[in-house]
Amino acid sequence: MKKIYLDHSATTPVNPKVLEAMLPYYKEHFGNPSSIHEFGKVAKAALEEAREKIAELFNCSPYEIYFTSGGTESDNLAIKGVAFANKNKGKHVITSKIEHHAVLESCKYLKREGYQITHLPVDRFGFVDPDDLKKNIREDTILVTIMHANNETGTIEPIEELAKIAKEKGVYFHTDAVQSAGKIPIDVEKLPIDLASISGHKIYGPKGVGAIYIRKGTRITPLSHGGHHERSRRAGTENIPGIVGLGEAVKIAFKDMDKYNEHLKNLSVTFLKKLKETINDIQLNSHPEKRISSTLNISFKGVEGESIILSLDMKGVAVASGSACTSGSLEPSHVLSAMGIEPAIAQSSIRFGFGRDNTLEDVDYVISVLPEIIQRLRSMSPIYTQSKK
Ligand SMILES: *Cc1c(COP(=O)(O)O)cnc(C)c1O
């Protein structure tokens, strides 16, 4: 059976070139970068070379890049690290209602520690209104954390405007750029952001490795203590093979950004068009244009998202409902709820995440099996069939 992976927002396969770059660092170049002999020097050189590649993505100095174990750790370090280091100035943090759980739970933890958290609302497409940010910044606000692109819908937030507002008020600005890295430019000379998180496995790199951009001069407390790795901001022997892989993945993503965006846009736009031609009563939850080109969130009225996933899986097609992190729970997605989408519609949503290796044939295959699935599921749905009488 054909196997088609359309869940690239959850994770991506490792690019063969990335894997090739990593392998020597598991084998002959296994040194510890803290060692001063030749083995150590080779590993250290690889570490610093990867750092330069990440710095190119952000257009920043390599000294402003720190390696972590992934997007989750980068978000934790940004939010808790800045909150701890600046608590004498204030204990108020602003975020949005549609953040990834790594951000929401870090904020929840801070709340238990006596910080105050404001969750900004979003509109029908998931956009934060810059005026809302302006209104909610207070004397004691120390950090604003708003994601660059949403993982469930692909919606791109007006980060430049938001960051400028924070900057004017002298408040640190963090963005979770895990979904946007390699898809939209994140040039920190143009965007006045102070911290940004990225992850390897969302951009054809390995799992368990990520990085964080921390602007020079940012006051931040480390969360792990030990040796002087990562200039004392993140103790622990560096995951050299993973870091080399992340560097390579970032380099490829950055170099080929336009080419792949064009390809992804073509796939997702074609898919949406054909979907509308073959299935009625569908609703696009993502913004039609201001979204990363890979991601489409679509509701199929009257059908449970989970049933669609299982039926598509039997046809060899892998998709997600709402978000990979919330699937398995019966709660409607917090992102779609915040967008004002009613629970029944939210429950019927599917996230299609296109990737570099997908083709127009893949699109045609899904279009050849999906209408039948939806029709069958709808015929078994009393609510849907009744509404049509
Ligand atoms: C996947 C993801 C994360 C978490 O990254 P990990 O490397 O899996 O820990 C954080 N934020 C967003 C927006 C994501 O999509």
Side-chain angles (χ1 to χ4, degrees), residues 5-14 18 54 57 65-81 95-109 122 126-128 145-157 159 162 174-184 186 193 195-213 223-224 234 236 239 241-243 245-247 249-250 253 264 286 291-297 319-328 333-336 338-339 351-355:
Y5 185 76
L6 290 183
D7 197 10
H8 291 84
S9 315
T11 198
T12 57
V14 173
V18 169
I54 317 289
L57 174 78
I65 298 297
Y66 300 81
F67 291 107
T68 66
S69 66
T72 300
E73 188 190 330
S74 293
D75 285 344
N76 272 264
L77 176 58
I79 295 166
K80 295 191 259 180
T95 183
S96 83
K97 288 189 174 170
I98 58 153
E99 299 298 314
H100 189 270
H101 284 107
V103 168
L104 291 178
E105 293 296 319
S106 294
C107 289
K108 207 187 225 177
Y109 167 79
V122 295
F127 295 116
V128 171
T145 170
I146 295 175
M147 70 201 317
H148 199 185
N150 184 268
N151 45 302
E152 292 188 32
T153 60
T155 295
I156 300 169
E157 296 297 334
I159 282 303
L162 296 166
H174 165 249
T175 193
D176 176 334
V178 171
Q179 291 288 336
S180 62
K183 294 188 185 125
I184 2 175
I186 327 173
I193 57 179
L195 307 107
S197 310
I198 64 168
S199 169
H201 76 102
K202 305 286 174 79
I203 53 170
Y204 304 86
K207 291 170 180 62
V209 62
I212 181 169
Y213 158 74
L223 301 184
S224 84
R234 201 272 186 178
N239 170 7
I243 288 169
L246 176 65
V250 162
L264 294 171
S286 309
R291 61 173 176 89
I292 43 171
S293 39
S294 53
T295 310
L296 282 176
N297 187 306
V319 298
S321 77
S323 154
C325 305
T326 43
S327 65
S333 129
H334 67 285
V335 177
L336 299 182
M339 286 158 61
R351 178 182 68 183
F352 298 92
F354 294 90

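Side-chain atoms are counted along with the backbone in the values below, which use heavy atoms only and exclude waters and symmetry mates. Numbering of ligands and ligand atoms starts at 1, following listing order.
Counting only N and O atoms by type, the side chains of Ser197 and Asp75 include a donor and acceptor under 3.5 Å apart. Between the side chains of Thr175 and His148, no donor N or O sits under 3.5 Å from an acceptor N or O.
Listed here is the closest heavy atom pair of Ala10 and Tyr5: CB-OH, 4.5 Å.
Here Leu195 contributes atom CG and Asp176 contributes atom CG; the two are 12.0 Å apart, rounded to the nearest 0.5 Å. Atom NZ of Lys202 sits about 11.0 Å away from atom OG of Ser294, to the nearest 0.5 Å. Going from atom NE2 of His100 over to atom CD of Glu105 covers 10.5 Å, rounded to the nearest 0.5 Å.
Taking a heavy-atom cut-off of under 4.0 Å, ligand 1 is surrounded by Gly70, Gly71, Thr72, Asp75, His100, Met147, Asn151, Asp176, Val178, Gln179, Ser199, His201, Lys202.
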